[in-house]
Amino acid sequence: MTTSESVAGRDPRLLEDTHADASPLVPSRLQSELLAMLQRNASTLEFDDMLERVEATVHDAAQRSLLAGSIRAAAAIREQQALQQRRERGLVVVLESAQDLTSIRDLDLVLQAIVRRARQIFASDIGYLTSFDRVRNDFYIRATEGAISERFKNVRVPPDHGICGHVLKYKTPYHSTDYLADHGFAHEQGIDLAIKDEGVQSLLGAPLMVGNLCIGMLCICDRQVRSHAPWEVAMLSTLAAQAAVAIENARLFQEAQVALQRASEANESLHQQANEIETAAEAHEHMTRLVARGSGVVDILNVAATMLGGHIVLLDEAEQPTQRASASRADQADALNDLLSRTDVQDRVHRALTEGRRSGRSYEIDGDTGRRLRVAALMGGDRLLGAMLILTDRAMSATEIRTFERGALVAGVVLLSQERSEREVSGESAAAIRALVSWQQEPFAMLQLRTQPLGLDLEQPLRMIVLSVKDIDIEYALRRMRASIARGTLFEACEGFIVAICPEPGFEALNAALQSTLLADTRLAVVGVTSESMSQIEALPDCFRALKRGIDILRALGRSQQVLPEAMLSMYSLLFEHRQASDVAGFIESTIGEVILYDARRGTDLTGTLLAYLDHAQNAKATADALQIHVNTLRQRLESIDPLLKDWRLSGRFLEVHVALRMQMLRDSVQFGNASRGAAER
């Protein structure tokens, strides 16, 4: 009997009555009083007091023994009643906990309620529940009631230490009346410190079992020595079983929810994938129909750009933009233009194409703009035909990537087909050009038969252009220009040059296409010479030879990225035919080198003054007017030239000096044919 029970069970009024009435007890009166005490659920202390009265007041041994036996029987009945009440309360708690399992959805609230009721049933100081952490391989306190120490609440118990370790190993309840002195399990310093902080002395723990697996422990603790009856151990085990059921049900429910969520996500993914596959199939079918109808590569780009929601650009084999998808947004087009103008992005595109040629797959390129850039190589056999780039605002799915790669494959097929068709036309066009510029020209009727299917009417005035590029760049230059060549214009390679023959009305369009395509590409180092209008096809062979001589003089002068009229170069091309650049430079330096050096040192323009003077037939007044200077100023400049070019005023030297000045202006001037005007402006 505890002190608290003594204080709580004693009735002061009864004590006063019993002590005041010292008269001997008779059996009938005692029986009545015992029944009254049982009825009002008297405490054990009251039965002890009555037993003391009997021992003190009843002198007859037989009667005293009879009365004492009655009192002890009544006390035993009282203990049985108390035990029965505790068991009933325990059963009520078990039922309430079972109801919690069905009514409370929050697992932590259920476990907390079980711990609280376990503490109430056994009138313990502390109750707690631990769970086994499979990741960290230890126990941790999941729910607690009555604990005040933070160390105790946050303690972690290894699987082979403490009561938790014993319960995990043997899967049976364990009771300890003095935890710190108990040698029935392995101690651990951190756990013992937590127990000491909380002041715990007695513990009773029951395993939380799921089949043969222990997933935790339900424990009650007291800060004084305490023993527990078997029914208390059984009651705690029942509550532990309920906690295990709650935890397992929660785990199964969570797994079911996760499985349901995954199934839902998988279903959604399958639905999305099915839609993407259907879209990809539609795209492939659409592109196949376009190819079957003979559509061009731009149509393929537009279909891919519309279905993938991006801006697509086609690159040629030199990785230069050629075609664009017109269905894309303007902001995407501007963003892609900005990206392709950056050297680092160009390098990444080149590396991606190199890898794509080996693997046959597309690759994403980091454009540092928050948008995604992907490139796929367009192959014709083992040869690179070009590349297809797409810029999107988001990452492409696997199905979209395959659609993009399929579009690149179809575009490659279209390009290869176009190339083969162009080769057939190119062969006919090249044969027609060779026939027109050959010294042994075929009859007009035969030439007309060659050119008429190509759209060129030989009865119209014709113009010719001869272009010079490196041999390795001729085929690339032809492909760059073919898309811009109108029907009726012959544009093919001939004798190591690119030759164009077109009717007079189409010359301006052809020249503009050359300026925007080949001459804009500084890597090609293009120079060209154009003819005057020719009304007789018999003039074509001579014109072709004259244009080639013009190419020679431009190369000798070190010019590039320019197309000039042959009339400006005819005299010089005849004089310096088959000459090297060093020969032309040597002639200029030996003739007017001193004047050029003087201008460079003094910042003057005596070469321009002298050229203007010779261009105006040595007329001082006309020259001064053209240069907008006084005649005396002109004479002073000419006198400054005398010591630099000795005997230049002699009639025999005029032509030589004039040609050298013209060659110098051709070599240095950007605007050919304006040497005199340039000198006047300076």
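Since the structure is predicted, the reported quantities are computational estimates derived from the model, not experimental observations.
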J.: Applying side-chain hydrogen bond (donor to acceptor under 3.5 Å, both in side chains), can you list everything that pairs with Glu248, at least two apart in sequence or on another chain?
T.: Arg251
J.: Could you pull out all residues at least two apart from Glu508 that satisfy side chain to side chain contact (heavy atoms under 4.5 Å, CB included)?
T.: none
J.: For Gly496 versus Ile474, what's the shortest heavy-atom pair and its separation?
T.: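 Shortest heavy-atom separation between Gly496 and Ile474 comes out as O-CD1, 3.7 Å.
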J.: So, Glu566 side chain and Lys548 main chain: donor-acceptor pair closer than 3.5 Å or not?
T.: no
J.: Please check: side-chain N/O of Gln562 versus main-chain N/O of Val527, any donor-acceptor pairing under 3.5 Å?
T.: no
J.: How far apart are the C-alpha atoms of Val414 and Asp299, what are their side-chain angles, what is the distance that settles it, and do they pass the side chain to side chain contact (heavy atoms under 4.5 Å, CB included) test?
T.: CA-CA 10 Å; Val414 173; Asp299 299 317; over 6 Å; no
J.: Can you confirm whether Val499 sits close enough to Leu436 that some side-chain heavy atom of one is under 4.5 Å from a side-chain heavy atom of the other?
T.: no
J.: If we ignore hydrogens and angles and just use 3.5 Å, is the side chain of Ser269 paired with the main-chain N or O of Glu265 as donor and acceptor?
T.: no
J.: Determine the sole option in Arg372, Arg406, Arg394 for which the salt bridge (Lys or Arg N to Asp or Glu O under 4.0 Å) test with Glu400 is passed.
T.: Arg394
J.: Kindly indicate whether the side chain of Gln536, heavy atoms from C-beta on, has any atom under 4.5 Å from the side chain of Phe444.
T.: no
J.: For Asp133, what residues pass the side-chain hydrogen bond (donor to acceptor under 3.5 Å, both in side chains) criterion, not counting sequence neighbours?
T.: Arg156
J.: Counting N and O atoms only, with roles assigned by atom type, does the side chain of Glu504 sit under 3.5 Å from a partner on the main chain of Leu462, one being a donor and the other an acceptor?
T.: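 It does not hold such a pair.
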J.: About how many Å separate CD1 of Ile300 and CE of Met388, when rounded to the nearest 0.5 Å?
T.: 9.0 Å
J.: Just checking, is any N or O donor in the side chain of Gln261 or Gln257 under 3.5 Å from an acceptor N or O on the other one?
T.: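 There is no such pair between these side chains.
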J.: Rounded to the nearest 0.5 Å, what separation is found between the CG atom of Leu458 and the CD atom of Gln448?
T.: 4.5 Å
J.: For a 4.5 angstrom cut-off between non-hydrogen side-chain atoms, does Asp605 reach Thr607?
T.: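 Yes - at least one pair of side-chain heavy atoms lies under 4.5 Å apart.
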J.: Should Leu524 and Tyr476 count as side-chain neighbours, where that means a heavy-atom distance under 4.5 Å?
T.: yes
J.: Report the residues that fulfil side chain to side chain contact (heavy atoms under 4.5 Å, CB included) with Ser438, sequence neighbours left out, ordered by chain and then residue number.
T.: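 Once residues adjacent in sequence are excluded, the partners of Ser438 under the side chain to side chain contact (heavy atoms under 4.5 Å, CB included) criterion are Gln440.
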J.: Quick check: closest heavy atoms across Val466 and Ile551, and the distance to 0.1 Å?
T.: O-CD1, 3.5 Å
J.: Just verifying a value: how many Å separate Leu314 CG and Leu378 CG, rounded to the nearest 0.5 Å?
T.: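 Going from CG on Leu314 over to CG on Leu378, the span is 5.5 Å.
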J.: Locate the shortest heavy-atom distance separating Pro461 from Ser533; write the atom from each residue and the value.
T.: CB-OG, 3.4 Å
J.: State, with a plain yes or no, whether a side-chain heavy atom of Leu564 is found less than 4.5 Å away from one of Val529.
T.: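 A side-chain contact under 4.5 Å is absent here.
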J.: Do Val469 and Leu518 come close enough that some side-chain heavy atom pair is under 4.5 Å?
T.: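 Not touching, per the 4.5 Å side-chain cut-off.
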J.: Measure across Gly310 and Thr392 and return the closest heavy-atom pair with its distance rounded to 0.1 Å.
T.: CA-CG2, 4.0 Å
J.: Please confirm whether the backbone N or O of Met464 pairs with a side-chain atom of Ser531, one donor and one acceptor, at under 3.5 Å?
T.: yes
J.: Enter the distance from Thr399:OG1 to Phe404:CZ here, rounded to the nearest 0.5 Å.
T.: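 Separation between the atoms: 15.0 Å.
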J.: Residues two or more places apart in sequence or in another chain: which of them pass side chain to side chain contact (heavy atoms under 4.5 Å, CB included) with Thr354?
T.: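 Only His350, Arg358 meet the side chain to side chain contact (heavy atoms under 4.5 Å, CB included) criterion with Thr354.
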J.: Run the side chain to side chain contact (heavy atoms under 4.5 Å, CB included) check on Arg545 and Trp439 step by step: do they pass?
T.: CA-CA 10 Å; Arg545 184 174 180 179; Trp439 284 108; 4.1 Å; yes
J.: As a test of understanding, state which of Arg374, Arg402, Glu355 forms a side-chain hydrogen bond (donor to acceptor under 3.5 Å, both in side chains) with Ser362.
T.: Arg374
J.: If you define the side chain from C-beta out and look only at heavy atoms, does anything of Ser397 sit under 4.5 Å from Gln272?
T.: no
J.: Applying side chain to side chain contact (heavy atoms under 4.5 Å, CB included) to Ile501 and Phe544, what does each step give before you reach the verdict?
T.: CA-CA 10 Å; Ile501 299 176; Phe544 180 55; over 6 Å; no
J.: Look at atom CZ of Arg262 and say whether more than 12 heavy atoms of other residues, nucleotides or ligands are closer to it than 6.0 Å.
T.: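 Check fails, neighbour count at 12 or below.
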J.: Evaluate the side chain to side chain contact (heavy atoms under 4.5 Å, CB included) criterion for residues Val526 and Ile498: first the C-alpha distance (whole Å), next the side-chain angles of each, then the deciding distance (0.1 Å), finally the verdict.
T.: CA-CA 10 Å; Val526 180; Ile498 295 177; over 6 Å; no
J.: With rounding to the nearest 0.5 Å, note down the distance linking OG1 in Thr530 to CZ in Phe507.
T.: 4.5 Å
J.: Using a 4.5 Å cut-off on heavy atoms from C-beta on, say whether the side chain of Leu540 contacts that of Gln441.
T.: yes
J.: Minimum heavy-atom separation for Ser484 and Thr517, please, with both atom names.
T.: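 For Ser484 and Thr517, the tightest heavy-atom pair comes out as OG-OG1, 4.2 Å.
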J.: Between Arg348 and Glu364, does any side-chain N to carboxylate O distance fall below 4.0 Å?
T.: no
J.: Between Gly412 and Leu385, what is the shortest heavy-atom contact and its length?
T.: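 Smallest heavy-atom distance, with atoms named: O-CD1, 3.5 Å.
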J.: Can you tell me how far the CG atom of Leu514 sits from the CZ atom of Arg480, to the nearest 0.5 Å?
T.: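 Answer for the CG-CZ pair, Leu514 versus Arg480, is 12.0 Å.
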J.: With sequence neighbours excluded, tell me which residues meet side-chain hydrogen bond (donor to acceptor under 3.5 Å, both in side chains) with Glu532.
T.: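 For Glu532 there are no side-chain hydrogen bond (donor to acceptor under 3.5 Å, both in side chains) partners, ignoring immediate neighbours.
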